Amino acid sequence: MWDLESKKAVITGGTKGIGRACVMEFLKLGAEVMFTARNEEDINNFTKELRKQGYKATGLVADAEKQEDREKLAQWVANNWKKLDILVNNAGINIRKRARDYSEEEYRKVLEINLVAPFEISRVLYPYLQESGKASMINIASSAAIQDVGTGTPYAMSKSGLLQQTRSLAAEWARDGIRVNAVSPWFIKTPLTQGYLEDGKRMEAILSRTPLNRVGEPEEISAIVSFLAMDRSSFVTGQNIVADGGMSIKAL
Ligand SMILES: NC(=O)c1ccc[n+]([C@@H]2O[C@H](COP(=O)([O-])OP(=O)(O)OC[C@H]3O[C@@H](n4cnc5c(N)ncnc54)[C@H](OP(=O)(O)O)[C@@H]3O)[C@@H](O)[C@H]2O)c1
């Protein structure tokens, strides 16, 4: 049971960082995977790379910000699988600014992709998750959902909203055989954080707050996502697993 054999999984934002690590780990564990991203070239390159390694996954160009693209996802699942066992709402962005410097368009974009999109994607895929009878949804939140970690207020708002979305949907959809959990990472080495982590002073500040004295790797998140996706975690729902090297238990 420590695998994802015969499971059908959708992962949003699958070409880079945490999403890409999830695609790789799910394939190794035996799942069939469909992943999304906006950049078609990245999708084609990753798909080719996977094929060379002997894996087959489908990449779909779909922008989580657009409702027609969210529906395209559901249409793909309807045409190809007719049911869905695993949904990873991973696609996310950040725009870091002081609260008063955001334009309305900027902060609404952060909320639309990080908070509204997981809700809408979960809703359009609900009939297929229900059809599974034993489905698992995993939302990628953040340490910023719980503490101020200097990410900017809209990102923090979006991720804390995503945690409550996780708990509320877990309660509502339990009767449909759908579990819903979240994973909240602290700093992980991905293209999203690369520029930020290159600043020596910032890195020093991060390490001084992190008992394990390092930032995380994408595979340290995909491992948790995989466990939550498996039937091995069948009694876990509505939870948030924090992966932060101990940051949240350290005050001084
Ligand atoms: N890295 C960290 O330290 C960290 C910490 C806490 C939480 N997180 C969360 O973890 C998730 C993944 O972060 P990451 O660091 O792996 O990010 P990343 O390196 O920037 O990768 C993001 C992935 O999502 C895709 N994506 C972005 N916007 C999208 C959209 N509108 N529609 C569809 N796909 C989209 C990107 O491809 P395209 O650009 O081609 O669309 C890419 O494949 C995010 O939700 C992030 O908030 C990350």
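Each residue takes its place number in the sequence, starting with 1. On a predicted model such as this, the values are computed, not experimentally measured, just so you know. Both ligands and their constituent atoms are indexed starting at 1 by order of listing.
- Looking at W186 against ligand 1, only its backbone comes within 4.0 Å, counting heavy atoms.
- At a 3.5 angstrom cut-off on N or O pairs, D42 does not count as close to ligand 1.
- Between K109 and E104, none of the side-chain N atoms (NZ, or NE/NH1/NH2) sits under 4.0 Å from a carboxylate O, so this pair counts as no salt bridge.
- Polar contact with ligand 1: present for N39 (N/O pair, distance under 3.5 Å).
- Residue Y155 places at least one N or O, backbone or side chain, under 3.5 Å from an N or O of ligand 1.
- The existence of a salt bridge linking R38 and D69 is excluded, since no basic side-chain nitrogen approaches an acidic carboxylate oxygen closer than 4.0 Å.
- Under the salt bridge (charged side-chain N to carboxylate O under 4.0 Å, His left out) criterion, E217 pairs with K189, not counting sequence neighbours.
- In terms of polar-atom proximity, I93 is not counted as a contact of ligand 1, lacking any N or O under 3.5 Å from an N or O of the ligand.
- A salt bridge between K134 and D85 is absent, with no side-chain N of the basic residue lying under 4.0 Å from a carboxylate O of the acidic one.
- Between S143 and ligand 1, not a single N/O pair is under 3.5 Å apart.
- Scanning the protein heavy atoms around atom 14 (P) of ligand 1, the nearest turns out to be T190 OG1, 3.6 Å.
- Looking at ligand 1, you'll find an N or O of A64 within less than 3.5 Å of one of its N or O atoms.
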